[in-house]
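The block underneath contains the structure these notes are about, expressed in structure tokens.
Each chain gets a letter, A, B and so on, in the order the sequences are listed, and its residues count up from 1.
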Amino acid sequence: MAKIETPRPIRGTQSMLGEEQERFAHVVATFDRVRRLYGFQRVELPVFESTAVFARSLGESTDVVSKEMYTFEDRGGDSLTLRPEFTAGICRAYITEGWQQFAPLKVATHGPLFRYERPQKGRFRQFHQLDAEIIGASEPGADVELLVLADQLLKELGVSEGVTLTLNTLGDAASRDAWRAALIAHFEAHRDQLSEESLDRLSRNPLRILDSKDPRDRPVADSAPDIDAYLTDEARGFFEKVTDGLNAAGVAWERNARLVRGLDYYRHTAFEFITDRLGAQGTVVGGGRYDGLIENLGGPVTPAVGWAAGIERLAMLIDAPRADMIISVVPDNLEVEDEAQRIAAQLRASGISADVAFRGNAKKRVELAKKRKHRGVLIVRATSDQTGKLYLQHLDENQSDRDEVRTAVLLALGPGTNLSGGGPR
RNA sequence: GCGAUCGUAGCUCAGUUGGUUAGAGCGCCGGUUUGUGGUACCGGAGGUCGGGGGUUCAAGACCCCUCGAUCGCCCCA
């Protein structure tokens with residue numbers, strides 16, 4: 001009989017359980033809470049779109065479009081693509097779903113994205129992002145609000161210590177074009193000093209040479225002109241209003257004149273929240289303003305700004321979230337199993353998580369509760385003596401945790417409950 | 001697409017310069033003991049050492065190929 005081969009998981013995908021999943025869920029839950037504080041509506045979007053949605057908006061020559069997209073033909077012969085990012089799909093929906101009537105529209109979402117890349121630390125083929133966008137707002141105040149939102153999110157996740165906001169402006173179209181031309185001239189003049197990779201960038205995406213990690217490129221990149229000299233008055237004023245707003249809101253930031261974005265659609269504000277705690281993947285949140293994108297998709301001229309954050313990356317940075325409080329209800333013997341179910345139901349009705357172990361004798365069930373990291377064991381004894389009927393054994397180390405469990409259980413079972421108690425020996 | 005490192009039980013790993021029937025802990029299954037309560041004892045199942053080829057009297061160890069993982073380059077959240 002031939003051995004049945006178990007299908008392997010797809011490279012770069014993850015299946016999460018336990019702490020890994022709890023970290024992930026905590027990041028999402030925190031985002032969902034904070035985005036509400038800023039009045040961002042949750043939107044639901046398809047995971048795949050017509051290939052043109054991404055090809056047109058991201059730029060044909062970007063790596064994402066040219067070699068990283070999961071693109072396939074459906075049975076009808078249409079070219080579809082699993083979304084490699086959120087922004088393009090949101091903009092498509094803004095145009096096709098009539099969302100223009102709600103402008104300026106503040107939306108947030110999160111979910112899986114797909115890029116055909118070589119996996120490494122903090123990088124996956126199916127990965128997950130948080131996303132926040134403001135569509136139909138040309139005011140710098142929109143940029144500020146998004147950055148303040150991101151800043152608060154990182155603070156509430158407890159990771160702001162190791163993460164810094166780096167900020168740059170790419171100017172308006174006129175500034176950007178003038179700067180780009182000056183950069184190309186500069187790099188052309190020093191071709192002989194650039195790495196092979198940067199020579200390739202020079203023809204594909206010259207701005208990218210600025211943040212090259214190759215030490216051979218640094219002298220040329222560092223001596224390249226900043227955008228500041230090419231900024232129009234309008235673009236300069238815009239950037240100042242953004243930075244003033246951040247200062248007023250108490251958001252710490254650093255100017256990085258070398259910061260550029262990988263995708264073609266960015267204008268004006270560009271930013272990354274970066275850390276050195278994730279190996280080669282330094283960016284935790286990245287985004288900026290993309291005033292031309294919706295037009296590129298055939299929509300009306302619509303200014304917009306947004307960011308995305310890697311959920312896996314944030315999950316790696318946060319402290320392990322505290323597990324939910326679960327009380328294990330253990331019947332002393334078969335006789336009181338139904339009584340244990342009744343008590344568990346009472347706990348759950350009061351919002352306390354309860355688990356009734358169904359395997360093994362009482363001792364085994366207590367051991368299992370300990371192993372599952374439950375907070376306490378409520379032992380139900382077969383006795384007519386009300387004083388000895390319920391016994392709460394704590395599994396927490398410190399007294400305040402024990403008090404929390406005891407108070408919760410007493411509250412759920414009602415006043416006057418006779419609850420003898422003990423702790424770990 | 002390129003580079004480095006690594007693949008031994010379900011999991012975490014030992015395995016000495018190549019040398020008998022490949023080990024441990026945890027987990028799993030069974031049993032003993034205990035019996036107002038989490039750490040006891042005994043036993044068992046489970047590995048064609050990622051796969052294929054080669055060197056050798058002899059390969060888990062050495063060589064080649066292949067697949068996979070990890071980390072880095074590229075790119076990006």
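If you find the closest nucleotide of RNA chain B to A:D332 and to A:G286, the one lying nearer the 5' end belongs to A:D332. Mapped onto RNA chain B by nearest heavy atom, A:V366 and A:K213 fall at different nucleotides, with A:V366 at the one closer to the 5' end.
Remark: the separation of the C1' atoms in B:C49 and B:G23 is 12 Å, to the nearest Å. Atom C1' of B:A14 sits at a distance of 12 Å from the matching atom of B:G60, rounded to the whole Å. Distance check on atom P: B:U5 versus B:C64 gives 12 Å, rounded to whole Å. Taking atom P in both B:G18 and B:A24, the straight-line distance is 25 Å, to the nearest Å. Look at the P atom in both B:C73 and B:C62: the space between them is 29 Å, to the nearest Å. Nucleotides B:G44 and B:C71, compared at atom C1', are 40 Å apart to the nearest Å. Across the P atoms, B:G68 and B:A77 are found 27 Å apart, a figure rounded to whole Å. For B:G52 and B:U33, the P atoms lie 48 Å apart once the distance is rounded to whole Å.
Taking atom CG of residue A:D214 and atom P of nucleotide B:G72, one finds them 17 Å apart after rounding to whole Å. The distance from atom CG of A:L259 to atom P of B:A77 is 11 Å, rounded to the nearest whole Å. Between A:L395 atom CG and B:G37 atom P there is a gap of 13 Å when expressed in whole angstrom units. Distance CG (A:D217) to C1' (B:C74): 13 Å, rounded to an integer number of Å. The separation between A:D200 atom CG and B:C73 atom P is 17 Å, rounded to whole Å. In this structure, CZ of A:R277 is placed 16 Å from C1' of B:A77, rounded to the nearest angstrom. Following rounding to the nearest Å, A:R125 (CZ) and B:G1 (C1') show an atom-to-atom distance of 11 Å. Distance A:L378 CG to B:G37 C1': 13 Å, rounded to the nearest Å.
Contacts of A:E117 with the nucleic acid, taken as non-hydrogen atoms under 4.0 Å apart, include base atoms. Looking at heavy-atom distances under 4.0 Å, A:R208 makes contact with sugar-phosphate atoms alone, never a base. Within the nucleic acid shown, A:E68 comes within 4.0 Å of sugar-phosphate atoms alone, with no base atom in reach, counting heavy atoms only. A:E197 comes within contact range of the sugar-phosphate backbone alone, with a heavy-atom separation under 4.0 Å but no base atom that close. Using a 4.0 Å heavy-atom criterion, one finds that A:G122 contacts the bases of the nucleic acid, with or without backbone contacts as well. A:R11 comes within 4.0 angstrom of the backbone, heavy atoms only, and of no base. At a threshold of 4.0 angstrom between heavy atoms, the contacts of A:R372 with the nucleic acid are absent.
Within the model, atoms CG of A:L207 and OH of A:Y266 stand 13.5 Å from one another, a figure rounded to the nearest 0.5 Å.
Look at B:C11: its Watson-Crick or wobble partner, with both distances under 3.5 angstrom, is B:G25. Under the Watson-Crick or G-U wobble criterion, with both distances below 3.5 Å, B:A4 is paired with B:U70. Across all strands shown, nothing is found opposite B:A45 as a Watson-Crick or G-U wobble partner with both distances under 3.5 Å. The base-pairing partner of B:A40, taking Watson-Crick or G-U wobble contacts with both distances under 3.5 Å, is B:U32. Applying the Watson-Crick and G-U wobble criteria (two distances, each under 3.5 Å), B:U55 pairs with nothing in any strand.
Evaluation of A:Y391 against the base of B:G37 yields no stacking contact (centre distance < 5.5 Å, interplanar angle < 30° required).
Under 3.5 Å, the side chain of A:R123 and the base of B:G72 form no donor-acceptor pair of N or O atoms. With hydrogens and angles ignored, no donor-acceptor pair closer than 3.5 Å exists between the side chain of A:R118 and the base of B:C76.
Among the nucleotides B:G72, B:A77, B:G37, the one closest to any side-chain atom of A:F127 is B:A77. For A:K121, taking side-chain heavy atoms from C-beta onward, the closest of the listed nucleotides B:A77, B:C71, B:U39 is B:C71.
The environment of A:K155 atom NZ is dense: over 12 non-hydrogen atoms of other residues, nucleotides or ligands sit within 6.0 angstrom. Applying the 6.0 Å contact sphere to CD of A:E156 captures more than 12 heavy atoms from other residues, nucleotides or ligands. Open room surrounds CD on A:E161; 12 or fewer heavy atoms of other groups in view lie less than 6.0 Å from it. The environment of OH in A:Y116 is sparse: at most 12 heavy-atom neighbours from other residues, nucleotides or ligands sit within 6.0 Å. Within a 6.0 Å sphere centred on OH of A:Y70, heavy atoms belonging to other residues, nucleotides or ligands number more than 12.
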For a side chain to side chain contact (heavy atoms under 4.5 Å, CB included) check, start with the C-alpha distance between A:E339 and A:K389, then their side-chain angles and the critical distance, and finish with the verdict.
CA-CA 11 Å; A:E339 176 66 0; A:K389 189 178 145 199; 2.9 Å; yes
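Side chains of A:H190 and A:E188: a donor-acceptor N/O pair is absent below 3.5 angstrom, by distance only.
Between A:Q120 and B:C71 there is no side-chain N or O to OP1 or OP2 distance below 4.0 Å.
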